[in-house]
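Have a look at the structure below, then the notes.
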Amino acid sequence: MIYPNAKAALLAIEARRRIKKDLPAFQAFVREVCPTAFSLPIIHVAGTNGKGSTVNFIRVQLQALGYRVGTLTSPALYVHYDRIRIDDQWMDEDTFLALVNRYDERWQALGLAMFDIDVHLAMEWFVQQRVDVVILETGLGGRLDATNIFLPNVCVITNIGHDHMQYLGDTLEEISREKGGIIKERIPLVTSEKNPSCLSVLRAICKEKKAPFYQVHAKRAGYDEDGLVCFDYEEEKDLHLSTMALYQADNAAAALKSVSLFCPTASMNIQRSAIAACQWAGRFQVLQEHPTVIVDGAHNREGIQALCTTLKQMPVDTILFSVLKDKEAPLMIEQLKQVCRRLILCPFQQERLADLNVLAETYHLAIAKDLKTILQERMRQDERILICGSLYFVSEAIRLFPFRS
């Protein structure tokens, strides 16, 4: 089918969601239509939380070092194809539509899902645009993820937590094995994971595959005189970030190590400057000051815990929270209630939204009419507002700013 515009193409592609994968068939298809993709240098990033931030920290360093960098991340924050970027500029609408119309018949014949299509679109465009290096973020898990058809130069696993357990397993060890499925023969693995049971699984996989294993983390993470995160890394002292989110220090450390392995001659001074200037939408992003409105993509138990570590240092007045039904909402609610004056549930357009009425009754919480209305109300009353619980919800908030009443 030939789509008349990008909107029609997007509607069709976004309707193709499934989990079951046929990676050999997908790999054969991409190798047939875009063989050059398999010779591109790649850094492959998996993990439960922090994947997108780590991809971005890696990207800014590589760009500062002179590379032309393609990235694939998810989910989208503005439009679907903002997942696919070169030097942080997302794929344009005309390119997206042309590629969809060129390949859609083949995609349908193969029964490819939305994320499979995103991976192919990304690699096809990166080849056309002659990027120097690609950073791929897994969509779900690792072992069976559509990004796992390529041989990377460096593998990264940010951390492992309780998310997508219906697909990845009920225990951290099971989830670790799925994430660890990205580890390849003799390809170095960088991880910022701290849990001993998870590390044991990852080390075992690396040993079996003779893959060098590097565990990294930020040291002495805290705040500088401007209230922004600073930390030590290996022998380097006082590295600075342009964020108040303490959890970003470990993501930055993993990115620093990944770049040093990919490019051993990289200048640490350039790497320092790059991460200090790095911004990433949706991750403790300040949308407005006076009153302050912050969005954060924390959407599972460990993500909320990391967010609350920062909020204990800087409590907020109101948290607007929305959550999908496959997440551990009770655990997240209990944590968030400790770091704000009021927690308000908020609906948004998402078919997988949890039953907010049940949560409100169980935890004695108010439910907002909609995000824009409650923001208008709370911005007249509060000094600090945080929006979190789902990246899709955060995406809706971002699109409201600059705020229009």
NZ/NE/NH1/NH2 to OD/OE distance under 4.0 Å, E137 and R83: no
Strictly by modelled atom types, are [X] and [Y] linked by a side-chain donor-acceptor pair under 3.5 Å?
{"X": "Y247", "Y": "D296", "answer": "yes"}
{"X": "N357", "Y": "E361", "answer": "no"}
{"X": "S267", "Y": "N269", "answer": "no"}
{"X": "N148", "Y": "K184", "answer": "yes"}

Do the side chains of [Y] and [X] get nearer than 4.5 Å, heavy atoms only?
{"X": "H299", "Y": "V394", "answer": "no"}
{"X": "F262", "Y": "L62", "answer": "yes"}
{"X": "L241", "Y": "F57", "answer": "yes"}
{"X": "R342", "Y": "D382", "answer": "yes"}
{"X": "I344", "Y": "R378", "answer": "yes"}
{"X": "C346", "Y": "F348", "answer": "no"}
{"X": "Y233", "Y": "M268", "answer": "yes"}
{"X": "T71", "Y": "V134", "answer": "no"}

Counting only pairs under 3.5 Å, give me each side-chain donor-acceptor contact of residues 186-205, with atom names and distances, residues two or more places apart or in other chains.
from, atom 1, to, atom 2, distance (Å)
T191, OG1, I157, O, 2.7
T191, OG1, E193, N, 3.0
S192, OG, T158, O, 2.3
E193, OE1, I160, N, 2.5
E193, OE2, N195, N, 2.7
K194, NZ, D250, OD2, 2.3
N195, OD1, S197, N, 2.9
N195, OD1, S197, OG, 2.5
N195, OD1, C198, N, 3.3
S197, OG, E173, OE2, 3.2

Can I get a per-line list of side-chain donor-acceptor pairs under 3.5 Å for residues 27-40, giving both atom names and the distance, sequence neighbours left out?
from, atom 1, to, atom 2, distance (Å)
Q27, NE2, I149, O, 2.7
E32, OE1, R106, NH2, 3.0
E32, OE2, R106, NH1, 3.3
S39, OG, T36, O, 2.8

Around atom [atom1] of [X], are there more than 12 heavy atoms from other residues, nucleotides or ligands closer than 6.0 Å?
{"X": "K7", "atom1": "NZ", "result": "no"}
{"X": "R220", "atom1": "CZ", "result": "no"}
{"X": "E383", "atom1": "CD", "result": "no"}
{"X": "R399", "atom1": "CZ", "result": "yes"}
{"X": "E334", "atom1": "CD", "result": "yes"}
{"X": "E289", "atom1": "CD", "result": "yes"}

Y363-F321 aromatic ring centre distance below 6.0 Å: no
A329: partners by side-chain contact (heavy atoms from CB on, under 4.5 Å), with sequence neighbours left out: V323, L359
Hey, what do you get for CD (E14) to CE (M114), rounding to the nearest 0.5 Å? 6.5 Å
Return the CG to CG distance between N159 and L172, rounded to the nearest 0.5 Å. 10.5 Å
Name all residues meeting the salt bridge (Lys or Arg N to Asp or Glu O under 4.0 Å) criterion together with D82; count only those two or more places apart in sequence or in a different chain, and write none if there are none. none
Let me have the donor-acceptor pairs involving side chains of residues 306-314, under 3.5 Å, with sequence neighbours excluded, atom names and distances please.
from, atom 1, to, atom 2, distance (Å)
T309, OG1, Q305, O, 3.1
T310, OG1, L246, N, 2.9

Checking Y392 now: which residues fulfil side chain to side chain donor-acceptor pair (under 3.5 Å) with it, not counting sequence neighbours? none
